[in-house]
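Everything below concerns the one structure shown next.
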Amino acid sequence: MQNLQPIKQRFSIMGNDPGLNRALQKSVQVAPTDISVLVIGESGVGKEFIPKIIHSLSNRKHNQYIAVNCGAIPEGTIDSELFGHEKGAFTGADKTRKGYFEVANGGTIFLDEVGELPLSTQVRLLRVLETGEFIKVGSSQPQKTDVRVVAATNVNVLDAVKKGKFREDLYYRLNTVQIDLPPLRERKEDIPLLFRKFASDFADKYRMPSIQLDPEATQYLINYRWPGNIRQLRNFVEQISVIEENRLLSLEKIREYLPYDGHHLPILSENSKNATHSKEDFSNERELLYKVLFDMKKDLNDLKSLTLDLMQNRGNFDINEKNEQLIKRVFQDHPTEEKTSNDFYEVQPRIQHTSPSYDVNDFDYEEAQLSEESLSLQEKEEELIKKALQKNNGKRKDAARELGISERTLYRKIKQFGI
C-alpha cells in the first residue's frame with residue numbers, strides 16, 4: 001500500500017483507521033483516471049476531502065475545481081446553476097450566464113448531496129456523463145464539456161432508486177467507483193487523536209492553554225456515538241475550549257455537553273440501518289401484541305369460568321378472591337366514573353365471537369345452551385347482591401366490598417332491582 005502520510009498531512013487528515021486508509025488509497029488509485037466516483041458516508045465524516053485529493057493528484061489539477069452543494073440550491077434554479085441559461089430564458093434572466101459545467105471545462109466538479117437532485121436535472125446530468133454534452137436553459141444548441149464528476153451523498157441511493165426518487169441509470173453511471181468513508185463511531189482509536197488535534201488548533205486560535213481530559217472522560221468520548229461525526233467533535237472541542245476555565249475536564253463536566261442518551265452501543269451503517277430497524281420495530285410490536293392477546297385470552301377464559309360457575313351452582317355461588325378480581329375488571333370500578341349494568345353483558349358477544357373453543361375443564365354444555373342461559377345473568381347478579389346484603393346484615397358498604405364494586409354502584413343496582 002502506498003504511503004498515505006503525505007496525503008494526510010497535506011489535507012490535515014488525522015487517523016489510522018483501516019476504513020479511512022482504504023478510502024484514501026482508492027482515491028489515490030482513481031485520481032489519474034477520468035472515471036466517475038461516488039463517495040458514500042454519513043454527514044460530517046469529511047466526504048469533501050476525497051474529491052480534493054482526487055483533483056489534486058489528477059491531470060486536471062491545474063484547471064478549475066468547483067464544489068456544488070446540490071441540496072442548497074432551489075429546484076427552480078439548479079438547472080441554470082449547473083448548465084447556465086440564455087438571455088430571456090425566464091423572468092430575471094437579463095443576460096446569458098455560464099453554468100458550472102461550462103466554467104469547469106477541463107477540470108473537476110464535486111456534486112455534494114447528489115441524492116437531492118430533481119429528476120429533471122438528473123436527466124441532464126446523465127447526458128453530460130454519457131456524451132459530454134449539455135444544453136443551457138432556454139437554448140436548443142448542445143455544447144461540449146470535458147468535466148470529471150465526483151459525487152457524494154449521505155443517503156441510501158439504492159433506496160431512493162426503489163422509491164423512484166433517483167434514476168437507476170444515473171446511479172450506476174456515477175458509481176463507477178464507490179468510496180466509503182466510515183463514521184466516527186467506527187474509528188474509536190482515532191477519536192483521542194482528533195480531540196487533541198482540535199484542542200491544539202483552538203488553543204492556538206484563541207491563545208489559551210489546550211483542553212485536556214482525564215482518563216474517564218476520554219473513554220466516554222471513545223464510546224460516544226457521535227451522530228454528527230467529525231463535524232460534531234470539532235464543534236464540541238471548540239465550545240469547551242472557549243467556555244471552560246478549567247483546562248482539565250472530568251467525566252461529569254463532559255456529560256454536561258454530551259449527555260448520555262442511551263445510544264452508546266454501536267450503530268449500524270446507513271446501508272443496513274433501515275432494514276435492521278424495521279425488523280427490530282416489527283419484533284417489538286409483535287411481542288407487545290402477543291402479550292396483549294395472551295392477557296385478553298386469560299380474561300376471557302376467566303369470564304367463561306365465572307359464567308359456568310354461575311350456571312352450574314345456581315344459587316350457591318361463592319365470591320372467592322379470583323372472582324372478586326374478575327368482577328372488578330368487568331365493572332371497571334372507579335370513584336369518578338360509574339359503569340352501567342350492561343357493561344357485563346356486553347362481554348358475552350365478544351366471548352362467543354372471539355373464541356368458539358371455551359377451553360374450560362369439565363364443560364358439558366352445548367354452546368347454544370350457554371347462549372340461552374347467559375340471558376338470565378341479570379337474575380344471577382340480583383341474586384348475588386341479595387346474598388351479599390343478607391350475609392353482611394344489610395350493610396351496603398361491606399356487601400359492596402365483598403362483591404368487588406363501589407358502594408355507589410351497589411346502591412344504584414339496589415334501586416334498579418328494587419331490592
Side-chain angles (χ1 to χ4, degrees), residues 4-5 7-25 27 39-50 52-53 112 152-155 179-274 276-277 280:
L4 299 174
Q5 198 59 35
I7 298 294
K8 293 180 179 180
Q9 291 178 351
R10 180 177 176 182
F11 293 94
S12 300
I13 298 174
M14 296 289 295
N16 295 304
D17 178 76
L20 173 65
N21 289 338
R22 176 57 179 159
L24 296 178
Q25 183 65 32
S27 302
V39 185
I40 303 293
E42 296 180 8
S43 178
V45 297
K47 297 187 294 294
E48 65 276 5
F49 289 106
I50 300 299
K52 291 180 180 178
I53 294 173
D112 197 9
T153 181
N154 60 358
V155 301
I179 297 178
D180 297 274
L181 279 175
L184 184 57
R185 59 180 167 272
E186 295 180 5
R187 299 171 52 190
K188 292 184 179 296
E189 295 182 358
D190 292 344
I191 293 176
L193 297 174
L194 290 167
F195 180 89
R196 289 194 294 269
K197 172 66 167 59
F198 293 147
S200 176
D201 290 346
F202 292 123
D204 293 339
K205 179 179 180 180
Y206 298 113
R207 298 180 181 178
M208 56 180 61
S210 179
I211 284 285
Q212 296 182 0
L213 303 176
D214 66 18
E216 289 185 347
T218 301
Q219 191 61 42
Y220 185 83
L221 293 189
I222 292 174
N223 292 328
Y224 193 73
R225 67 184 296 266
W226 298 108
N229 293 290
I230 299 174
R231 184 184 296 121
Q232 181 187 7
L233 176 60
R234 187 179 186 278
N235 293 341
F236 161 71
V237 177
E238 184 174 16
Q239 182 183 17
I240 61 177
S241 296
V242 173
I243 295 177
E244 292 300 323
E245 296 181 359
N246 188 351
R247 297 285 97 180
L248 178 61
L249 301 186
S250 64
L251 173 60
E252 290 71 21
K253 181 59 65 175
I254 292 298
R255 280 180 171 171
E256 294 179 9
Y257 295 91
L258 299 172
Y260 179 77
D261 57 2
H263 293 287
H264 278 51
L265 296 177
I267 306 298
L268 294 178
S269 63
E270 186 69 28
N271 292 336
S272 59
K273 186 186 298 182
N274 295 335
T276 304
H277 280 187
E280 291 176 353

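FYI, side chains are in, hydrogens and waters are out, and symmetry mates aren't considered; it's all heavy atoms of this structure. Counting from 1, the numbers follow the sequence of the chain as shown. Quick caveat, the model's predicted, so the values are computed rather than measured.
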Would you check, one step at a time, whether the test side chain to side chain contact (heavy atoms under 4.5 Å, CB included) holds for R187 with L194? CA-CA 10 Å; R187 299 171 52 190; L194 290 167; 4.2 Å; yes
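- In terms of heavy atoms, F11 sits closest to F49 at O-CE2, 3.5 Å.
- A donor-acceptor pair is defined here as one N or O able to donate and one able to accept, closer than 3.5 Å; no such pair exists between the side chain of N229 and the backbone of P183.
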Worked check of side chain to side chain contact (heavy atoms under 4.5 Å, CB included) between I211 and L249: CA-CA 8 Å; I211 284 285; L249 301 186; 4.1 Å; yes
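- Other residues, nucleotides and ligands place no more than 12 heavy atoms under 6.0 Å from the CD atom of E189.
- Of the possible donor and acceptor atoms, none in the side chain of K47 sits under 3.5 Å from a partner among the backbone N and O of T153.
- The structure places CD of Q232 at 8.5 Å from CZ of R225, a figure rounded to the nearest 0.5 Å.
- Residues that satisfy the side chain to side chain contact (heavy atoms under 4.5 Å, CB included) test with Q212, not counting sequence neighbours, are L248.
- The backbone N or O of A23 lies less than 3.5 Å from no partner atom in the side chain of D180, so there is not a single donor-acceptor pair.
- Classification of K253 and E256 as a salt-bridged pair holds, one side-chain N sitting under 4.0 Å from a carboxylate O.
- Taking OG of S27 as the reference point, atom CD1 of I50 lies at 3.5 Å (rounded to 0.5 Å).
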Distance-only donor-acceptor pairs under 3.5 Å for side chains of residues 195-205, two or more places apart:
{"from": "K197", "atom 1": "NZ", "to": "D201", "atom 2": "OD1", "distance (Å)": "3.4"}
{"from": "K197", "atom 1": "NZ", "to": "D201", "atom 2": "OD2", "distance (Å)": "2.5"}

Worked verdict on Y224 versus I254 for side chain to side chain contact (heavy atoms under 4.5 Å, CB included): CA-CA 11 Å; Y224 193 73; I254 292 298; over 6 Å; no
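- In terms of modelled atom types and a separation under 3.5 Å, the side chain of N16 and the main chain of D190 share no donor-acceptor contact.
- Here CD of E42 is found 7.5 Å from CD of E186. Values are rounded to the nearest 0.5 Å.
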Verdict with reasoning, R231 to N235, per side chain to side chain contact (heavy atoms under 4.5 Å, CB included): CA-CA 6 Å; R231 184 184 296 121; N235 293 341; 3.9 Å; yes
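- A donor-acceptor contact shorter than 3.5 Å links the side chain of R247 to the backbone of E244.
- Annotation: side chain to side chain contact (heavy atoms under 4.5 Å, CB included) contacts of E216 (sequence neighbours excluded): D214, L251.
- For the atom pair CD1 (I191) and CG (L221), the distance works out to 7.5 Å, reported to the nearest 0.5 Å.
- In this structure a side-chain-to-backbone donor-acceptor pair under 3.5 Å is present from Y220 to L258.
- For the atom pair CZ (R22) and CG (L4), the distance works out to 11.0 Å, reported to the nearest 0.5 Å.
- Side-chain atoms of N21 and K8, non-hydrogen and from C-beta on, do get closer than 4.5 Å to each other.
- Taking CD1 of I240 as the reference point, atom CG of L213 lies at 6.0 Å (rounded to 0.5 Å).
- When all heavy atoms of L24 and I53 are compared, the pair lying nearest together is CD2-CD1, 3.7 Å.
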